[in-house]
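Let me begin by presenting the structure, written as C-alpha coordinates, before commenting on it.
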Amino acid sequence: MKGTNASTPAGFILLGFSDQPHLEMVLLLVVSVIYILTLMGNTAIILVSYFNPKLHTPMYFFLSNLSFLDLCFTTSVVPQMLWNLKGPDKTISYTGCVIQLYVALGLGSTECVLLTVMAYDRFNAICRPLHYGVIMHPKLLQQLAALAWISGFVGSTVQTILVFQLPLCSHHMVDDFMCEEPALIKIACVNTTFLENELSIASVLYVVIPLGLILVSYGCIVRSVLKIKSTEGRRKAFGTCGSHLIVVVLFFGTLASIYIQPKSKYTQNYSKFLTLFYTVVTPSLNPLIYTLRNKETKWALRRLLGRDPS
(Lines give C-alpha, C1' and ligand atoms only; values in the text may rest on other atoms or scores of the structure.)
Protein backbone atom coordinates (compact mmCIF):
# COMPACT_ATOMS: atom_id res chain seq x y z
CA MET A 1 0.00 0.00 0.00
CA LYS A 2 1.11 3.55 -0.64
CA GLY A 3 2.08 5.45 2.43
CA THR A 4 0.29 8.55 3.58
CA ASN A 5 1.65 11.79 4.88
CA ALA A 6 -0.60 13.55 7.35
CA SER A 7 1.70 16.57 7.60
CA THR A 8 1.88 19.35 5.06
CA PRO A 9 4.23 18.30 2.21
CA ALA A 10 7.12 20.55 1.19
CA GLY A 11 5.95 20.41 -2.39
CA PHE A 12 4.79 18.31 -5.32
CA ILE A 13 6.38 16.80 -8.40
CA LEU A 14 4.49 17.65 -11.59
CA LEU A 15 5.24 14.72 -13.85
CA GLY A 16 3.74 16.28 -16.99
CA PHE A 17 5.41 14.70 -20.02
CA SER A 18 8.66 13.84 -18.18
CA ASP A 19 8.59 10.34 -19.67
CA GLN A 20 8.87 11.91 -23.14
CA PRO A 21 11.86 14.33 -23.03
CA HIS A 22 11.83 14.97 -26.80
CA LEU A 23 8.16 15.99 -26.59
CA GLU A 24 9.04 18.34 -23.73
CA MET A 25 11.51 20.24 -25.91
CA VAL A 26 8.88 20.66 -28.63
CA LEU A 27 6.24 21.76 -26.10
CA LEU A 28 8.69 24.25 -24.55
CA LEU A 29 9.04 26.03 -27.89
CA VAL A 30 5.36 25.76 -28.89
CA VAL A 31 3.96 26.85 -25.52
CA SER A 32 6.43 29.79 -25.34
CA VAL A 33 5.30 31.09 -28.74
CA ILE A 34 1.60 30.58 -27.94
CA TYR A 35 1.99 32.34 -24.57
CA ILE A 36 3.58 35.39 -26.23
CA LEU A 37 0.77 35.49 -28.80
CA THR A 38 -1.79 35.18 -26.00
CA LEU A 39 -0.29 38.14 -24.14
CA MET A 40 -0.14 40.26 -27.28
CA GLY A 41 -3.58 39.32 -28.63
CA ASN A 42 -5.56 39.75 -25.43
CA THR A 43 -3.73 42.95 -24.50
CA ALA A 44 -4.59 44.35 -27.94
CA ILE A 45 -8.29 43.52 -27.44
CA ILE A 46 -8.30 45.33 -24.08
CA LEU A 47 -6.53 48.38 -25.50
CA VAL A 48 -8.74 48.79 -28.58
CA SER A 49 -11.86 48.31 -26.47
CA TYR A 50 -10.72 50.96 -24.00
CA PHE A 51 -9.30 53.62 -26.33
CA ASN A 52 -11.89 53.43 -29.13
CA PRO A 53 -15.16 55.16 -28.15
CA LYS A 54 -17.07 53.24 -30.85
CA LEU A 55 -16.31 50.02 -28.98
CA HIS A 56 -17.72 51.21 -25.65
CA THR A 57 -20.60 48.76 -25.95
CA PRO A 58 -21.81 45.86 -23.78
CA MET A 59 -20.28 43.25 -26.12
CA TYR A 60 -16.81 44.80 -25.93
CA PHE A 61 -17.12 45.40 -22.19
CA PHE A 62 -17.56 41.66 -21.69
CA LEU A 63 -14.94 40.86 -24.33
CA SER A 64 -12.43 43.00 -22.42
CA ASN A 65 -13.27 41.08 -19.26
CA LEU A 66 -12.74 37.81 -21.16
CA SER A 67 -9.37 38.98 -22.49
CA PHE A 68 -8.20 40.10 -19.05
CA LEU A 69 -9.38 36.79 -17.61
CA ASP A 70 -7.48 34.84 -20.29
CA LEU A 71 -4.32 36.83 -19.55
CA CYS A 72 -4.57 35.92 -15.87
CA PHE A 73 -5.59 32.32 -16.59
CA THR A 74 -2.62 31.48 -18.81
CA THR A 75 -0.20 33.37 -16.54
CA SER A 76 -1.33 31.27 -13.56
CA VAL A 77 -0.28 28.11 -15.43
CA VAL A 78 2.22 28.73 -18.22
CA PRO A 79 5.30 30.18 -16.38
CA GLN A 80 5.43 27.17 -14.04
CA MET A 81 4.84 24.85 -16.98
CA LEU A 82 7.73 26.37 -18.96
CA TRP A 83 10.02 26.08 -15.94
CA ASN A 84 9.20 22.38 -15.63
CA LEU A 85 9.56 21.73 -19.36
CA LYS A 86 13.02 23.28 -19.67
CA GLY A 87 14.86 20.97 -17.28
CA PRO A 88 14.77 18.04 -14.87
CA ASP A 89 13.32 20.06 -11.98
CA LYS A 90 9.56 19.32 -11.97
CA THR A 91 8.77 20.52 -8.47
CA ILE A 92 6.29 23.09 -7.27
CA SER A 93 6.03 24.22 -3.67
CA TYR A 94 3.00 23.34 -1.56
CA THR A 95 2.00 27.01 -1.35
CA GLY A 96 2.55 27.42 -5.09
CA CYS A 97 0.33 24.42 -5.80
CA VAL A 98 -2.44 25.77 -3.56
CA ILE A 99 -2.29 29.19 -5.23
CA GLN A 100 -2.20 27.69 -8.73
CA LEU A 101 -5.20 25.46 -8.10
CA TYR A 102 -7.17 28.27 -6.45
CA VAL A 103 -6.46 30.83 -9.18
CA ALA A 104 -6.88 28.42 -12.12
CA LEU A 105 -10.15 27.02 -10.73
CA GLY A 106 -11.43 30.51 -9.96
CA LEU A 107 -10.60 31.90 -13.39
CA GLY A 108 -11.86 28.80 -15.20
CA SER A 109 -15.16 28.94 -13.32
CA THR A 110 -15.40 32.69 -13.93
CA GLU A 111 -14.97 32.13 -17.67
CA CYS A 112 -17.83 29.62 -17.69
CA VAL A 113 -20.16 32.18 -16.10
CA LEU A 114 -18.81 35.06 -18.21
CA LEU A 115 -19.43 33.17 -21.48
CA THR A 116 -23.00 32.62 -20.27
CA VAL A 117 -23.38 36.34 -19.57
CA MET A 118 -22.05 37.09 -23.07
CA ALA A 119 -24.68 34.73 -24.53
CA TYR A 120 -27.34 36.67 -22.59
CA ASP A 121 -25.99 39.88 -24.10
CA ARG A 122 -26.22 38.42 -27.63
CA PHE A 123 -29.75 37.17 -26.86
CA ASN A 124 -30.89 40.68 -25.96
CA ALA A 125 -29.10 42.22 -28.95
CA ILE A 126 -30.76 39.87 -31.45
CA CYS A 127 -34.12 39.05 -29.86
CA ARG A 128 -34.86 42.40 -28.19
CA PRO A 129 -33.07 44.98 -30.36
CA LEU A 130 -35.48 47.84 -29.59
CA HIS A 131 -35.01 47.46 -25.83
CA TYR A 132 -31.35 46.40 -25.90
CA GLY A 133 -29.96 49.76 -24.75
CA VAL A 134 -32.44 49.93 -21.87
CA ILE A 135 -31.89 46.32 -20.73
CA MET A 136 -28.08 46.27 -20.96
CA HIS A 137 -27.45 49.50 -19.07
CA PRO A 138 -24.00 50.21 -17.54
CA LYS A 139 -25.01 49.28 -14.00
CA LEU A 140 -26.29 45.87 -15.13
CA LEU A 141 -23.07 45.27 -17.07
CA GLN A 142 -21.01 45.86 -13.94
CA GLN A 143 -23.31 43.65 -11.88
CA LEU A 144 -23.14 40.78 -14.39
CA ALA A 145 -19.34 41.03 -14.60
CA ALA A 146 -19.12 41.07 -10.79
CA LEU A 147 -21.42 38.04 -10.62
CA ALA A 148 -19.12 36.11 -12.95
CA TRP A 149 -15.93 36.93 -11.02
CA ILE A 150 -17.37 36.48 -7.52
CA SER A 151 -19.21 33.23 -8.26
CA GLY A 152 -16.11 31.78 -9.91
CA PHE A 153 -13.87 32.40 -6.91
CA VAL A 154 -16.47 31.38 -4.33
CA GLY A 155 -16.60 27.95 -5.94
CA SER A 156 -12.81 27.85 -6.20
CA THR A 157 -12.43 28.62 -2.49
CA VAL A 158 -14.65 25.71 -1.50
CA GLN A 159 -12.99 23.24 -3.89
CA THR A 160 -9.44 24.23 -2.97
CA ILE A 161 -10.09 23.88 0.77
CA LEU A 162 -11.64 20.44 0.30
CA VAL A 163 -8.81 19.17 -1.93
CA PHE A 164 -5.99 20.16 0.41
CA GLN A 165 -7.71 18.69 3.45
CA LEU A 166 -7.14 15.22 1.98
CA PRO A 167 -4.34 13.01 3.37
CA LEU A 168 -1.93 12.65 0.45
CA CYS A 169 0.26 9.74 -0.58
CA SER A 170 3.88 10.13 0.50
CA HIS A 171 5.29 10.32 -3.04
CA HIS A 172 3.42 13.57 -3.87
CA MET A 173 3.72 12.92 -7.61
CA VAL A 174 1.00 14.70 -9.59
CA ASP A 175 0.52 13.08 -13.00
CA ASP A 176 -0.12 16.35 -14.82
CA PHE A 177 1.77 19.54 -15.74
CA MET A 178 -0.25 21.69 -13.32
CA CYS A 179 -2.00 21.38 -9.98
CA GLU A 180 -5.44 20.39 -11.20
CA GLU A 181 -8.21 18.94 -9.06
CA PRO A 182 -8.69 15.54 -10.79
CA ALA A 183 -4.92 14.89 -10.71
CA LEU A 184 -4.64 15.86 -7.02
CA ILE A 185 -7.58 13.66 -6.06
CA LYS A 186 -5.75 10.68 -7.56
CA ILE A 187 -2.82 10.99 -5.11
CA ALA A 188 -5.08 10.97 -2.04
CA CYS A 189 -4.67 7.86 0.11
CA VAL A 190 -8.22 7.84 1.45
CA ASN A 191 -11.64 7.22 -0.02
CA THR A 192 -12.34 10.21 -2.28
CA THR A 193 -15.98 9.47 -3.06
CA PHE A 194 -17.18 12.59 -1.27
CA LEU A 195 -14.76 14.85 -3.11
CA GLU A 196 -15.53 13.21 -6.45
CA ASN A 197 -19.22 13.85 -5.80
CA GLU A 198 -18.38 17.46 -4.93
CA LEU A 199 -16.44 17.74 -8.19
CA SER A 200 -19.46 16.40 -10.06
CA ILE A 201 -21.71 18.99 -8.39
CA ALA A 202 -19.24 21.77 -9.25
CA SER A 203 -19.12 20.51 -12.85
CA VAL A 204 -22.90 20.72 -13.05
CA LEU A 205 -22.94 24.25 -11.57
CA TYR A 206 -20.12 25.68 -13.65
CA VAL A 207 -20.19 23.60 -16.85
CA VAL A 208 -23.53 21.87 -17.45
CA ILE A 209 -25.89 24.66 -16.31
CA PRO A 210 -23.98 27.51 -18.05
CA LEU A 211 -23.71 25.45 -21.24
CA GLY A 212 -27.43 24.67 -21.05
CA LEU A 213 -28.29 28.36 -20.64
CA ILE A 214 -26.03 29.24 -23.59
CA LEU A 215 -27.73 26.64 -25.79
CA VAL A 216 -31.18 27.92 -24.79
CA SER A 217 -30.08 31.48 -25.61
CA TYR A 218 -28.83 30.44 -29.01
CA GLY A 219 -31.99 28.45 -29.65
CA CYS A 220 -33.96 31.68 -29.18
CA ILE A 221 -31.44 33.59 -31.29
CA VAL A 222 -31.71 31.13 -34.19
CA ARG A 223 -35.49 31.29 -34.05
CA SER A 224 -35.42 35.10 -34.18
CA VAL A 225 -32.84 35.21 -36.97
CA LEU A 226 -34.85 32.82 -39.13
CA LYS A 227 -37.73 35.31 -38.98
CA ILE A 228 -35.57 37.96 -40.64
CA LYS A 229 -36.51 38.14 -44.32
CA SER A 230 -33.32 39.83 -45.51
CA THR A 231 -30.41 37.52 -46.30
CA GLU A 232 -27.98 40.30 -45.40
CA GLY A 233 -29.78 40.78 -42.10
CA ARG A 234 -29.50 37.09 -41.28
CA ARG A 235 -25.82 37.03 -42.19
CA LYS A 236 -25.09 40.05 -40.00
CA ALA A 237 -27.05 38.59 -37.07
CA PHE A 238 -25.27 35.25 -37.26
CA GLY A 239 -21.95 37.07 -37.69
CA THR A 240 -22.33 38.89 -34.37
CA CYS A 241 -22.82 35.56 -32.57
CA GLY A 242 -20.47 33.31 -34.53
CA SER A 243 -17.27 34.32 -32.71
CA HIS A 244 -18.79 33.78 -29.29
CA LEU A 245 -20.24 30.41 -30.29
CA ILE A 246 -16.86 29.17 -31.57
CA VAL A 247 -15.20 30.17 -28.28
CA VAL A 248 -17.95 28.40 -26.32
CA VAL A 249 -17.49 25.17 -28.28
CA LEU A 250 -13.69 25.22 -27.87
CA PHE A 251 -13.70 26.03 -24.16
CA PHE A 252 -16.65 23.98 -22.91
CA GLY A 253 -15.82 21.03 -25.16
CA THR A 254 -12.40 20.40 -23.63
CA LEU A 255 -13.48 21.43 -20.12
CA ALA A 256 -16.38 18.97 -20.12
CA SER A 257 -14.09 16.15 -21.27
CA ILE A 258 -11.82 16.69 -18.27
CA TYR A 259 -14.15 17.63 -15.42
CA ILE A 260 -17.43 15.88 -16.12
CA GLN A 261 -15.77 12.48 -16.49
CA PRO A 262 -12.32 12.71 -14.87
CA LYS A 263 -12.11 8.90 -14.83
CA SER A 264 -13.11 8.51 -18.44
CA LYS A 265 -11.86 6.21 -21.13
CA TYR A 266 -9.20 8.72 -22.18
CA THR A 267 -5.56 7.84 -21.51
CA GLN A 268 -3.74 10.08 -19.04
CA ASN A 269 -1.59 11.61 -21.79
CA TYR A 270 -4.71 12.43 -23.81
CA SER A 271 -6.21 14.14 -20.75
CA LYS A 272 -3.00 16.17 -20.40
CA PHE A 273 -3.30 17.36 -24.00
CA LEU A 274 -6.93 18.36 -23.36
CA THR A 275 -5.82 20.36 -20.32
CA LEU A 276 -3.03 21.90 -22.39
CA PHE A 277 -5.57 22.91 -25.02
CA TYR A 278 -8.01 24.75 -22.76
CA THR A 279 -5.33 26.37 -20.57
CA VAL A 280 -2.88 27.42 -23.30
CA VAL A 281 -4.34 27.18 -26.80
CA THR A 282 -7.91 28.44 -26.31
CA PRO A 283 -6.90 31.76 -24.66
CA SER A 284 -4.59 32.43 -27.62
CA LEU A 285 -7.35 31.70 -30.15
CA ASN A 286 -9.98 33.97 -28.58
CA PRO A 287 -8.47 37.27 -29.85
CA LEU A 288 -7.86 35.73 -33.27
CA ILE A 289 -11.44 34.47 -33.54
CA TYR A 290 -12.98 37.80 -32.52
CA THR A 291 -10.61 39.81 -34.73
CA LEU A 292 -11.01 37.75 -37.90
CA ARG A 293 -14.80 37.57 -37.65
CA ASN A 294 -15.46 41.15 -36.56
CA LYS A 295 -14.92 44.14 -38.86
CA GLU A 296 -15.17 46.64 -35.98
CA THR A 297 -12.35 44.94 -34.08
CA LYS A 298 -10.13 44.74 -37.17
CA TRP A 299 -10.74 48.42 -37.93
CA ALA A 300 -10.03 49.48 -34.33
CA LEU A 301 -6.88 47.33 -34.23
CA ARG A 302 -5.58 48.93 -37.45
CA ARG A 303 -6.18 52.38 -35.94
CA LEU A 304 -4.33 51.37 -32.76
CA LEU A 305 -1.38 50.24 -34.86
CA GLY A 306 -1.49 53.49 -36.85
CA ARG A 307 -2.30 51.81 -40.14
CA ASP A 308 -5.69 53.47 -40.57
CA PRO A 309 -5.61 57.09 -39.38
CA SER A 310 -9.14 57.80 -40.66
Side-chain angles (χ1 to χ4, degrees), residues 1-16 18 69 72-81 83-84 89-114 147-210 254-264 266 268 271-272 274-276 278-279:
M1 292 180 63
K2 297 177 181 178
T4 61
N5 185 0
S7 62
T8 301
F12 298 91
I13 299 173
L14 300 175
L15 296 178
S18 56
L69 189 154
C72 298
F73 190 38
T74 52
T75 302
S76 72
V77 176
V78 172
Q80 179 68 46
M81 184 193 307
W83 175 263
N84 291 347
D89 185 7
K90 312 295 181 185
T91 59
I92 182 172
S93 67
Y94 179 83
T95 302
C97 190
V98 173
I99 293 173
Q100 187 180 73
L101 178 65
Y102 173 71
V103 174
L105 273 178
L107 293 172
S109 301
T110 298
E111 183 155 353
C112 292
V113 180
L114 185 60
L147 172 66
W149 286 91
I150 293 172
S151 62
F153 279 93
V154 166
S156 176
T157 301
V158 174
Q159 290 173 269
T160 302
I161 291 173
L162 290 175
V163 168
F164 285 99
Q165 283 183 338
L166 290 173
L168 303 174
C169 295
S170 57
H171 59 76
H172 301 144
M173 294 183 181
V174 180
D175 194 11
D176 211 329
F177 55 80
M178 63 177 287
C179 290
E180 194 167 39
E181 190 171 359
L184 289 169
I185 290 176
K186 290 179 181 178
I187 65 171
C189 287
V190 293
N191 188 310
T192 59
T193 301
F194 171 77
L195 197 56
E196 288 172 9
N197 290 336
E198 182 275 333
L199 179 59
S200 297
I201 294 172
S203 299
V204 170
L205 291 176
Y206 290 102
V207 180
V208 177
I209 292 178
T254 51
L255 201 64
S257 299
I258 296 168
Y259 279 91
I260 292 181
Q261 293 185 341
K263 290 185 176 181
S264 66
Y266 303 125
Q268 184 59 25
S271 295
K272 292 175 189 177
L274 287 174
T275 304
L276 190 69
Y278 92 84
T279 56

T91 and its side chain to side chain contact (heavy atoms under 4.5 Å, CB included) partner, picked from I13, L14, N84
I13

Distance from H172 atom NE2 to I187 atom CD1, nearest 0.5 Å?
6.5 Å

Residue set satisfying ring pair (Phe, Tyr, Trp, His ring centres under 6.0 Å) with F164, at least two apart, ordered chain then number -> Y94

Is there side-chain contact between V174 and E180, with heavy atoms separated by less than 4.5 Å?
no

Review item, side-chain donor-acceptor pairs of residues 148-159, under 3.5 Å, at least two apart:
{"from": "W149", "atom 1": "NE1", "to": "N65", "atom 2": "OD1", "distance (Å)": "3.1"}
{"from": "S151", "atom 1": "OG", "to": "L147", "atom 2": "O", "distance (Å)": "2.6"}
{"from": "S151", "atom 1": "OG", "to": "A148", "atom 2": "O", "distance (Å)": "3.2"}
{"from": "S156", "atom 1": "OG", "to": "Y102", "atom 2": "O", "distance (Å)": "2.5"}
{"from": "S156", "atom 1": "OG", "to": "G106", "atom 2": "N", "distance (Å)": "3.3"}
{"from": "T157", "atom 1": "OG1", "to": "F153", "atom 2": "O", "distance (Å)": "2.7"}
{"from": "Q159", "atom 1": "NE2", "to": "E181", "atom 2": "OE1", "distance (Å)": "2.8"}

State the CZ-CG distance between F12 and L101, to the nearest 0.5 angstrom.
9.5 Å

d(T74 OG1, L107 CG) to nearest 0.5 Å is 9.5 Å

Tell me, please, which residues at least two apart from C112 pass disulfide bond (SG atoms under 2.5 Å apart).
none

Just verifying a value: how many Å separate T110 OG1 and F73 CZ, rounded to the nearest 0.5 Å?
10.0 Å

What pair of heavy atoms forms the shortest contact from P210 to L205, and how long is it?
CD-O, 3.2 Å

In sequence, state the C-alpha distance, the side-chain angles, and the governing distance for Q80 and M178, and then conclude on side chain to side chain contact (heavy atoms under 4.5 Å, CB included).
CA-CA 8 Å; Q80 179 68 46; M178 63 177 287; over 6 Å; no

Side-chain donor or acceptor of T192 paired with backbone N/O of L195 under 3.5 Å
no

When rounded to the nearest 0.5 Å, the distance separating OG of S203 from CD1 of I209 is 11.0 Å

Shortest non-hydrogen contact from K90 toward S18
CE-CB, 4.1 Å

The single option from L15, L184, T275 that satisfies side chain to side chain contact (heavy atoms under 4.5 Å, CB included) with D176 is T275

What is the minimum heavy-atom distance between C179 and Q100, and which atoms define it?
N-OE1, 2.7 Å

Is there side-chain contact between F194 and L162, with heavy atoms separated by less than 4.5 Å?
yes

Say you draw a straight line from CG of L166 to CG of N191; how long is it, rounded to the nearest 0.5 Å?
10.0 Å

